[in-house]
A.B. asks: 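Following this message is one structure expressed as structure tokens.
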Amino acid sequence: MPVELMKGNTALAEAAVRAGVEAFFGYPITPQTELLEHMSKRMPELGRAFVQAESEVASINMVYGAACTGTRVMTSSSSPGISLMQEGFSYIACSEVPCVVVDVMRGGPGLGNIQPSQSDYFQVTRSAGHGDYHAIVLAPSSVQEAVDLMGDAFDLADQYRHLVFVVADGLLGQMMEPAELPPMQPLRTERPDWALTGANGRDPNIITSLELSAPALEAVNDRLQAKLKVIRETEQRSTENMTKDARLVVVGYGTAGRIAETAVKQARREGMQVGLFRPITLWPFPEQRLSALTDHVEALLVVEMNAGQMVEDVKLAAGGQIPVEFYGRTGGVVPVPEEIYDAIVESYEKLA
Amino acid sequence: MHEEVIFAGFGGQGVLFAGQLLAYTALAEDKHVTWIPSYGPEMRGGTANCTVVVSDEPVGSPVTKYPSIVVAFNNPSLEKYEDEVKPDGLLVVNESLVIHQVQRDDLDLVLVPATALATELGETRMTNMILFGAMLAHRPMVALDTAEHVLLDKLGERKAHLHELNLMALRKGMELGLAQKTEA
């Protein structure tokens, strides 16, 4: 496939199309709308389902319904829209049906603004709906990675019959960058054996998130937790740069991660032993690798486009072994490399 | 080669397209590139800008505080970005639409009456291509030849009647840019 210059939102959409998404339900919201717009054109063109629902609440429940039939399905939105979908996420997680949700994060809280942000970290990794569970959360930092992770997201959703988020921010959604799309995958022709397909000639399947007996619901929870334990042990992903001899490691994901990389390289040119650790899965958080780094690294500096959310996971991974510093911008302000560099210098000077 | 370029002006001046032309041309030459538009409340005042990073290396930050090149299409953009340009950076100014006098003396400054020239060519919308040409004359990040091919490809058949005019504007800008180039 040729390398093309693509906008993040469009690339996410087309990557989903290539990954064989059969149905898309969504509602427009900036800075995600180009994704839905691309789907509105492509899905009907390919004879697949596209519905612009009347609201985000409707979208996620349509996704839930389609997922129950074993259809490869997704929705996309931005922060306030994701908040509206919370109940649906929880039903989907409890029902153990696979689906993919894209969140192109914007400034909050409240209606906030339409500028890039990472303020949904808690929302997607911790509280994507009520009850005891985590969704799988993937966080690309370039248009190419967005394309690649979109395909992985559907496979992970199917493999674990679980809810998978792909989180970008307004900047990644609006940015154009060269990327190569994968070839078109054929649509699935067979439905999984748990799917609701009409029960013609077989026993009925039941998919529900309602369990009135406490012991029975505890059994559901036990099964869910066992699955999440496997995910936690096997699906942690991260990438790192110049960490081998690093005394200070900057931790950042998505857009903040790539901006931090420029600052880290500047620090290296100034002779500081600094590296970059970029989580790709936000849940499961790549704690194994980060924890291993604390054996030789003297301090961590977390950079986020929020008031400090992932920093809590970094502190858990560091286990109190080394100091964890934080630098963040909020409200849709995108940090520039120079200010991250200044934060690096400040943290570096504190090293013994 | 690593350049961080900001194109800034009013909506409708072809600011975003100028940035895209640079991005597509960079891709055609297998360079690393990012393009981001301003899409927030900034746009509501009628101003538009985009940041393009072109590099021989993979691009880390797609945003910049101190661009190495600024192409200012109008007065507010010049006032906003003059102080931000890196020392020894390039500042291309649309002389037709500015009243502000450039104060910096540590820049490669190119003043082009782009809107007036575009109007002479019979199409005010050629302002962006004139400024683009002047920029390339001073910072040959990509070849003019590649830019011309990409430009015609992007305009497509639907705008075939504008092909020649766009090329003329691009070359005119290049010519004016070269004329203001001090020999090193």
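Residue numbers begin at 1 in each chain, while the letters A, B, ... track the order of the sequences.
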A.B. asks: Hey, is the main chain of A/Pro337 close enough, under 3.5 Å, to the side chain of B/Ser61 for a donor-acceptor pair?
C.D. replies: no
A.B. asks: Indicate the atoms forming the closest heavy-atom contact of A/Pro178 with B/Leu27, along with that distance.
C.D. replies: CB-CD1, 3.6 Å
A.B. asks: So for atom CZ, which belongs to B/Arg125, do other residues, nucleotides or ligands contribute more than 12 heavy atoms lying within a distance under 6.0 Å?
C.D. replies: no
A.B. asks: Out of curiosity, A/Thr262 OG1 to B/Glu4 CD, how far, rounded to the nearest 0.5 Å?
C.D. replies: 7.5 Å
A.B. asks: For the CH2 atom of B/Trp35 and the CE atom of A/Met175, what is their distance to the nearest 0.5 Å?
C.D. replies: 11.0 Å
A.B. asks: Closest approach of B/Val59 and A/Arg258, non-hydrogen atoms and distance?
C.D. replies: O-NH2, 2.9 Å
A.B. asks: Side chain to side chain contact (heavy atoms under 4.5 Å, CB included) with B/Ile36: which of A/Leu172, A/Leu171, A/Val334?
C.D. replies: A/Leu171
A.B. asks: Can you give me the closest heavy-atom contact between B/Tyr24 and A/Met176, atom names plus distance?
C.D. replies: OH-CE, 3.3 Å
A.B. asks: Report which part of A/Glu339 has an atom under 4.5 Å of a heavy atom belonging to chain B: side chain, backbone, both, or neither.
C.D. replies: neither
A.B. asks: Mind listing the closest non-hydrogen atom pair of B/Val63 and A/Pro335 along with its distance?
C.D. replies: CG2-O, 3.7 Å
A.B. asks: Got a sec: does the NE2 of B/His2 have more than 12 other heavy atoms crowding it under 6.0 Å?
C.D. replies: yes
A.B. asks: Look at atom CD of B/Glu157 and say whether more than 12 heavy atoms of other residues, nucleotides or ligands are closer to it than 6.0 Å.
C.D. replies: no
A.B. asks: Please report the closest heavy-atom contact between A/Glu177 and B/Val33, naming both atoms and the distance.
C.D. replies: CG-O, 3.5 Å
A.B. asks: Quick one: CD on B/Gln20 to NZ on A/Lys7, what's the gap to the nearest 0.5 Å?
C.D. replies: 8.0 Å
A.B. asks: How about CD on A/Glu346, more than 12 heavy atoms from neighbouring residues, nucleotides or ligands closer than 6.0 Å, or not?
C.D. replies: no
A.B. asks: Could you tell me which portion of A/Val143 (side chain, backbone, both or neither) has an atom closer than 4.5 angstrom to a non-hydrogen atom of chain B?
C.D. replies: neither
